[in-house]
Amino acid sequence: MSQVFSEETHRNLLARIPQCTGREVADWLRTVEDGPALCFEEKLSWLRHEHNLAYGHAKAIIHEYDLRRAARKLL
């Protein structure tokens, strides 16, 4: 996996996603959930090419998805 953004940068990117994409973060997380089962970098490429997302936004969405998935496993 490539270098992760700082927590502050990650949160800032997530906050800007609705304005930049016209979709809420929750919608993007569902898109990733319903999308193909790929590794991090492949998901990143898939979001960028299939959904025309900027690199930073795609990376933030996938990272957030992975964080939430990991948190669910801990419960």
Side-chain angles (χ1 to χ4, degrees):
M1 178 168 39
S2 60
Q3 182 179 1
V4 177
F5 296 126
S6 72
E7 182 64 27
E8 180 181 4
T9 299
H10 177 69
R11 293 288 156 215
N12 287 338
L13 282 166
L14 286 179
R16 290 183 20 224
I17 285 173
Q19 177 185 5
C20 294
T21 68
R23 291 176 61 184
E24 295 296 320
V25 172
D27 292 338
W28 285 113
L29 296 175
R30 279 191 295 279
T31 297
V32 173
E33 179 72 28
D34 295 340
L38 304 168
C39 71
F40 187 92
E41 292 296 329
E42 291 169 332
K43 285 180 191 175
L44 179 62
S45 180
W46 173 73
L47 276 180
R48 291 188 69 213
H49 294 99
E50 291 293 319
H51 298 282
N52 297 315
L53 288 177
Y55 176 82
H57 291 143
K59 187 171 180 178
I61 290 166
I62 297 166
H63 182 61
E64 185 67 18
Y65 174 80
D66 287 347
L67 288 173
R68 291 182 186 197
R69 189 179 75 201
R72 285 193 309 259
K73 287 182 180 180
L74 292 176
L75 296 178

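- No single ILVMFWY cluster, assembled from side-chain heavy atoms under 4.5 Å apart, contains both Leu44 and Leu67.
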*Between Lys43 and Glu50, is a salt bridge (Lys or Arg N to Asp or Glu O under 4.0 Å) present by the stated rule, with each step listed?*
CA-CA 10 Å; Lys43 285 180 191 175; Glu50 291 293 319; over 6 Å; no
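- With values rounded to the nearest 0.5 angstrom, Tyr65 atom OH is found 3.5 Å from Glu33 atom CD.
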Let me check something: any side-chain donor-acceptor pairs from residues 13-24 under 3.5 Å, sequence neighbours excluded? List them with distances.
unit_1	atom_1	unit_2	atom_2	d
Thr21	OG1	Ile17	O	2.7
Thr21	OG1	Arg23	N	3.2
Thr21	OG1	Arg23	O	3.2
Thr21	OG1	Trp28	NE1	3.1
Arg23	NH2	Asp27	O	3.3
Arg23	NH2	Thr31	OG1	2.5

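- No donor-acceptor pair under 3.5 Å is formed between the side chain of His51 and the backbone N or O of Leu47.
- For the residue pair Ala58 and Arg48, the shortest heavy atom distance occurs at CB-CG, 3.8 Å.
- Taking all atoms of both residues into account, the shortest heavy-atom contact from Trp46 to Gly35 is CH2-CA, 3.8 Å.
- Remark: Asp66 CG to Ile61 CD1 distance equals 12.0 Å, nearest 0.5 Å.
- In this structure, Lys59 NZ and Glu41 CD are separated by 7.0 Å, a value rounded to the nearest 0.5 Å.
- The side-chain hydrogen bond (donor to acceptor under 3.5 Å, both in side chains) search around Glu8 returns none, not counting sequence neighbours.
- Distance check, rounded to the nearest 0.5 Å: CG of Asn12 to OG of Ser6 gives 8.0 Å.
- Judged as a ring pair (Phe, Tyr, Trp, His ring centres under 6.0 Å), and not counting sequence neighbours, His57 has no contacts.
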